[in-house]
Amino acid sequence: MNEKLAVLKNECLKCEACPLSKTRTNVVFGDGNENAKIVFIGEAPGANEDLQGVPFVGRSGKLLDEMCESVGLSRKTNIYIANTVKCRPPENRDPSLDEQRLCAHWLKSQLEIMRPRIIVCVGRIAAQEVIGKNFSISRQHGEFFRHGKMILTAVYHPAAILRNINLKPDTVEDLKKIKLLYDKITSE
Ligand code: URA
């Protein structure tokens, strides 16, 4: 493991800054290739993630893995996945603004250490935190936004796709575009 990331993870596992620390089973720090040029950012862990301490391992996660792998992206090789909030909100409610605010520095530090070239927000909550508070996932998914040396983008959350399978083709198209950008960046 990357030394700096390991130190950060150790600190994060001990975090008690917000009430979610009282109800969590595990802190869900992140998973995948720590040297990845692409980082996917979800919202917050659900029940399965809380139990295993790994992001996106439930039904949504399996769908995300399957769609990513269909375009050549995988946490086993070239991507890293983390969440904006590291502990599970009870009953899978949305994380509160306070919880998001108190947790944000962990993700910020992860990104400062990893310095990815592409950030893919998974779903509206992550996109509004990372790209901008007025971000519209239905109108702006798949668009690229330059932020310094990074490109920010967003795709539909796999939980939304499980509720409405018609969103899947658009998401696979967005992921194909992201893979093409990744190929371009890594060949520079
Ligand atoms: N949904 C998310 O946004 N993150 C997870 O880790 C799991 C489900």
Side-chain angles (χ1 to χ4, degrees), residues 5 8-9 12-13 15 18-21 23-34 36 38-69 73-76 78-111 114 116 118-133 135-138 140-142 152-165 167-168 170-172 174-175 178:
L5 213 55
L8 186 72
K9 180 174 179 178
C12 184
L13 297 188
C15 180
C18 89
L20 298 182
S21 61
T23 51
R24 75 178 176 226
T25 313
N26 284 297
V27 172
V28 179
F29 184 72
D31 184 39
N33 179 348
E34 293 170 359
I38 308 190
V39 173
F40 281 63
I41 300 174
E43 178 184 329
N48 293 295
E49 291 76 20
D50 176 60
L51 285 177
Q52 296 184 40
V54 181
F56 284 102
V57 289
R59 265 183 87 211
S60 292
K62 294 208 164 55
L63 176 58
L64 183 64
D65 279 346
E66 176 216 301
M67 291 187 298
C68 283
E69 281 167 23
L73 297 170
S74 162
R75 61 175 113 181
K76 291 188 212 103
N78 52 10
I79 70 175
Y80 185 84
I81 306 187
N83 284 306
T84 58
V85 169
K86 307 299 187 200
C87 298
R88 181 193 182 205
E91 272 94 58
N92 296 346
R93 63 164 170 74
D94 288 346
S96 70
L97 285 179
D98 245 17
E99 289 156 2
Q100 289 183 32
R101 187 176 50 79
L102 287 164
C103 205
H105 70 101
W106 295 116
L107 178 64
K108 188 164 176 276
S109 300
Q110 267 172 310
L111 296 174
M114 292 188 64
I118 304 171
I119 290 185
V120 183
C121 300
V122 183
R124 175 183 61 86
I125 301 265
Q128 289 184 341
E129 182 164 334
V130 174
I131 303 177
K133 65 179 180 359
F135 188 89
S136 160
I137 193 76
S138 55
Q140 295 176 292
H141 67 85
L152 312 180
T153 187
V155 296
Y156 283 115
H157 196 289
I161 303 175
L162 288 171
R163 289 191 297 271
N164 177 6
I165 200 67
L167 301 178
K168 188 172 175 183
D170 271 4
T171 308
V172 173
D174 291 345
L175 290 168
I178 292 165

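Just so you know, these numbers come straight off a predicted model, no measurement behind them. Computation of the quantities below employed the complete heavy-atom set of this structure, encompassing side-chain atoms and omitting hydrogens, waters and symmetry-equivalent molecules. Order of listing sets the numbers, starting from 1, for every ligand and every atom in it.
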Main-chain N/O of Glu43 paired to Asn83 side chain as donor or acceptor, under 3.5 Å: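 Between the backbone of Glu43 and the side chain of Asn83 there is a qualifying donor-acceptor contact (under 3.5 Å).
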Going by the order shown, which atoms of ligand 1 are within less than 4.0 Å of some heavy atom of [X]?
X      : result
Glu43  : 2 (C), 3 (O)
Pro55  : 6 (O)
Gly42  : 3 (O)
His157 : 1 (N), 2 (C), 3 (O)

Student check: side-chain heavy atoms of Leu51 and Asn26 closer than 4.5 Å: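 Leu51 does not reach Asn26 side chain to side chain.
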Validation row: Ile38, Ile178 side chains within 4.5 angstrom (heavy atoms):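 SC-SC contact between Ile38 and Ile178 confirmed.
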Tell me whether [X] has any N or O atom under 3.5 angstrom from an N or O of ligand 1.
X     : answer
Ser60 : no
Glu49 : no
Gly46 : no

Audit row: Leu162, Arg59, side chain to side chain contact (heavy atoms under 4.5 Å, CB included) steps and yes/no: CA-CA 9 Å; Leu162 288 171; Arg59 265 183 87 211; 3.7 Å; yes
Asn83 heavy atom under 4.0 Å from ligand 1: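 Flag set, Asn83 near ligand 1.
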Within the 6.0 Å centroid threshold, strictly below: Phe135 and His141: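 So the answer is no for these two rings.
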Sidechain N-carboxylate O distance under 4.0 Å for Glu69, Arg75: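 No, Glu69 and Arg75 are not salt-bridged.
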Salt-bridge present (Arg101, Asp98; N to O < 4.0 Å):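 Answer for the salt bridge query: yes.
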Ligand 1-proximal atoms of Ala44, by part, heavy-atom distance under 4.0 Å: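 The answer is the backbone.
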